[in-house]
Amino acid sequence: LYLEDVYYYTQKQTGTNSEQTYQAGDPVDLVGQVQVTNFYSEPMEAVVRTTLLDPDGAEVASTDTPVTVPSGETVTLDTKQEVKNPLLWTPDTPYLYTVKTAVIANGLGLDEVSTRTGLRWVGTTGHSGENKGVNNPEDEQILLNDEPIVLYGINKHMQFPYVGNAGTGKLQAKDAYTIRYDLGMNFVRTAHYQNDPDFLAACDEIGLLVEEEALAWNDTPNRPQHKYSVEQMILRDRNHPSIILWSIIPNEWTEEGYPLAERKALQEMAKELDSSRLTCQEENHNNTFVTDVYNRHDYSTAGKQNPKWQPYIVGEWNTWLGESFVIPGDSEDRKLDQFLTDALRQAKFMSDDTIDGFIKWDMTGYLTPNNEGKYGKNIGIWRCAGTYGVLKDPLQAYWQNDFFRSQADPALVGNVVELITEWKEDSDPTVYVASNAAQVELFVGDESMGRIEPNYLNSGNTKLWQGIFKWDNIVWSADKS
């Protein structure tokens, strides 16, 4: 007699879809599904004991549920425990509880598993069913614990130099720490496959929200393999509180290649396996919207594409592939172009209240057979699409990365004050500073060029969360370099 599988999720007692908003301190329910398998030759009477421990290890609740398991069969048992004064899991407060699940027969403990969980729930506002997402931008937002949240993140391949996808647990976790504490982001998409459990565990611990994507890129693999990948991804990883989105429709695959009926079946399967999370589809072909969240890949210079669908996130964005990817040794002009272009694109996203998230492509350079002429600059067969290089080193630490850091909470990334210039004779006389400070004063030698507040990309429909500081006509001179 043993535990085949355990699955836990949180519900507010008013009901996740209720119009009543959760109030701090309200009790919540920890709902569970426990599968018990009996290999004995006769039916077994047993008790499933679920014990919840708070982040300090103190017992919060314990419930015994009787179960009869026929010989050679698996029984699914539903459990529910009330949690009073819960510590909710959020990116800022990633509290982790532990659920100990034990199966006991004839007074003997036969099996036990420990499962980490976070008390949190995910939902959306606005319409549902056939009317969901259609021309209701003011109604449709992604909610975490009933609070609107904007997903500020980056895409991530799992590749590592020399070892490919076989990085150690510490290397996997380091990627999560880099995204959260170096770039100051709250979200990551695992393009284009399940990620290592050690990476997901680190995301749970530090409050990094995750969109986990099933294995798929255009028409690879075939449809039955992709369906299997979706199923196994959800079954393996549905206890991770950091995961709020399942990406279940293959990346950028057309409806001609993956028919609508099969897409709808994937949505139904995902909801049967895990009703506690949202689903999304990876789009750049304007296919029929069948999931909970519309995820558009946007390499244009405009803002939002196909705005009728809500909730709406930009699942990939960059300048058009190759136009401004930077590699070591590139010119100052090319680095500055990428900095300004990225800042403008992100300002458009940040200014649009109907966009619930924007996820940069890509965290690091990665191995690809695609050539330079088609998709931009490569170093050998490594594509330099990332904010970090193929060795996980910043391609331009004081350009693009520090722009992202300047938009983040100083509590995460520290104080950021970075000059966006190489300050040499042929440098552009317009000087930019990326900073999360309220004011910055620029000096050339001992002479002050003025203390200013953010004055670039700081208003209207191109307003960053934290504007950039800009000074004009700052002329290089040898004695002040």
Side-chain angles (χ1 to χ4, degrees), residues 7-12 15-18 21-22 31 88-91 117-134 136-137 139-153 155 186-191 194-195 200 203-204 207-214 216 230-231 233-251 263-283 287-297 309-316 354-359:
Y7 161 49
Y8 293 100
Y9 61 95
T10 308
Q11 282 184 343
K12 64 177 185 178
T16 303
N17 296 319
S18 169
T21 302
Y22 178 83
V31 180
L88 298 187
W89 189 99
T90 73
T117 189
L119 302 180
R120 65 103 185 95
W121 58 95
V122 186
T124 63
T125 57
H127 299 265
S128 60
E130 293 301 316
N131 293 321
K132 74 172 183 179
V134 183
N136 299 302
D139 291 336
E140 299 288 342
Q141 292 178 294
I142 295 173
L143 303 178
L144 179 65
N145 304 335
D146 285 0
E147 296 290 336
I149 187 165
V150 176
L151 308 178
Y152 175 43
N155 288 267
N186 67 4
F187 187 80
V188 61
R189 171 186 172 224
T190 68
Q194 275 181 278
N195 264 218
L200 298 174
C203 293
D204 294 339
L208 183 60
L209 300 167
V210 178
E211 172 199 330
E212 190 166 35
E213 184 173 2
V230 172
E231 179 183 40
M233 172 182 72
I234 295 174
L235 289 174
R236 191 194 77 171
D237 294 335
R238 60 186 176 174
N239 283 310
H240 286 283
S242 57
I243 298 175
I244 64 169
L245 274 174
W246 298 122
S247 178
I248 64 168
I249 306 298
N251 182 75
R263 291 167 178 255
K264 290 181 175 179
L266 284 173
Q267 171 74 352
E268 292 174 3
M269 181 184 72
K271 290 300 183 180
E272 288 176 2
L273 295 173
D274 176 24
S275 62
S276 71
R277 288 175 176 82
L278 303 175
T279 58
C280 69
Q281 60 194 71
E282 311 294 337
E283 284 296 337
N287 295 309
T288 304
F289 182 24
V290 301
T291 58
D292 300 315
V293 176
Y294 192 82
N295 184 331
R296 179 75 183 189
H297 298 178
W309 299 117
Q310 292 288 336
Y312 184 105
I313 64 175
V314 182
E316 293 181 15
T354 67
I355 295 179
D356 293 295
F358 30 93
I359 298 91

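Taking CD from Glu231 and CD from Glu272, the interatomic distance works out to 10.5 Å, rounded to the nearest 0.5 Å. Annotation: the span from Phe289 atom CZ to Asn295 atom CG amounts to 10.0 Å, rounded to 0.5 Å. A distance of 12.0 Å separates CZ of Arg296 from CD1 of Ile355, quoted to the nearest 0.5 Å. In this structure, Glu316 CD and Glu283 CD are separated by 12.0 Å, a value rounded to the nearest 0.5 Å.
Side chains of Gln281 and Asn287: a donor-acceptor N/O pair is absent below 3.5 angstrom, by distance only. Looking at Asp146 and Trp121, their side chains do bring a donor and an acceptor atom within 3.5 Å of each other. Side-chain N/O atoms of Asp274 and Tyr9 include no donor and acceptor closer than 3.5 Å.
Pairs passing the salt bridge (charged side-chain N to carboxylate O under 4.0 Å, His left out) check and including a residue from residues 239-248, sequence neighbours excluded, do not occur.
A distance-only check finds a donor-acceptor pair linking the side chain of Lys271 to the backbone of Arg277 [under 3.5 Å]. Remark: side-chain polar atoms of Arg238 are not paired, donor with acceptor, to backbone N or O of Tyr7 under 3.5 angstrom. Put simply, the side chain of Asn145 gets close to the backbone of Trp89: a donor and an acceptor are under 3.5 Å apart. Looking only at distances, no side-chain donor or acceptor of Asp356 sits under 3.5 Å from a matching main-chain atom of Ile313. Between the side chain of Thr190 and the backbone N or O of Glu213, at least one donor-acceptor pair lies under 3.5 Å. Side-chain N or O atoms of Asn186 include one that pairs as donor or acceptor with a backbone N or O of Tyr152 at under 3.5 Å.
Taking the side chain as every heavy atom from C-beta outward, Phe187 and Ile359 approach each other to under 4.5 Å. By the 4.5 Å heavy-atom criterion applied to side chains, Leu208 and Ser242 are not counted as neighbours. The closest side-chain heavy-atom distance from Val31 to Ser276 is not below 4.5 Å. Taking 4.5 Å as the limit, some side-chain heavy atom of Val150 sits within range of a side-chain heavy atom of Phe358. The shortest side-chain heavy-atom distance between Arg189 and Asn155 falls under the 4.5 Å cut-off. Residues Leu143 and Pro148 have side chains in contact (heavy-atom distance under 4.5 Å, counting atoms from C-beta outward). Residues Glu212 and His240 fail the side-chain proximity criterion, which asks for heavy atoms closer than 4.5 Å. You'll find the side chain of Asp237 reaches within 4.5 Å of the side chain of Trp246, heavy atoms only.
When all heavy atoms are compared, the tightest approach of Gln267 to Ile248 is OE1-CD1, 3.5 Å. Taking each heavy atom of Ile149 and Pro91 in turn, the nearest pair found is CD1-CG, 4.1 Å. Nearest heavy atoms, Thr279 versus Asp292: N-OD2, 3.0 Å. The minimum heavy-atom distance linking Leu88 with Tyr22 is given by the pair CD1-CE2, 3.5 Å. Of all non-hydrogen atoms in Ser247 and Glu211, the two that sit nearest each other are CB-OE2, 3.2 Å. Residues Leu144 and Leu209 come closest through the heavy atom pair CD2-CD2, 4.4 Å.
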> Going through the checks in order, is the side chain to side chain contact (heavy atoms under 4.5 Å, CB included) test met by Asn239 and Thr117?
Replying inline: CA-CA 6 Å; Asn239 283 310; Thr117 189; 5.7 Å; no
>> Go through it in stages, so that I can follow the logic: the residues are Asn251 and His297, the test is side chain to side chain contact (heavy atoms under 4.5 Å, CB included), and I'd like the CA-CA distance, side-chain angles, deciding distance and then a yes or no.
In response: CA-CA 9 Å; Asn251 182 75; His297 298 178; 2.9 Å; yes
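By the side chain to side chain contact (heavy atoms under 4.5 Å, CB included) test, Ala214 pairs with His226, Ser229, Val230, Met233, sequence neighbours left out.
None of Ile142, Ile244, Val293 except one satisfies the side chain to side chain contact (heavy atoms under 4.5 Å, CB included) rule with Cys280; the exception is Val293.
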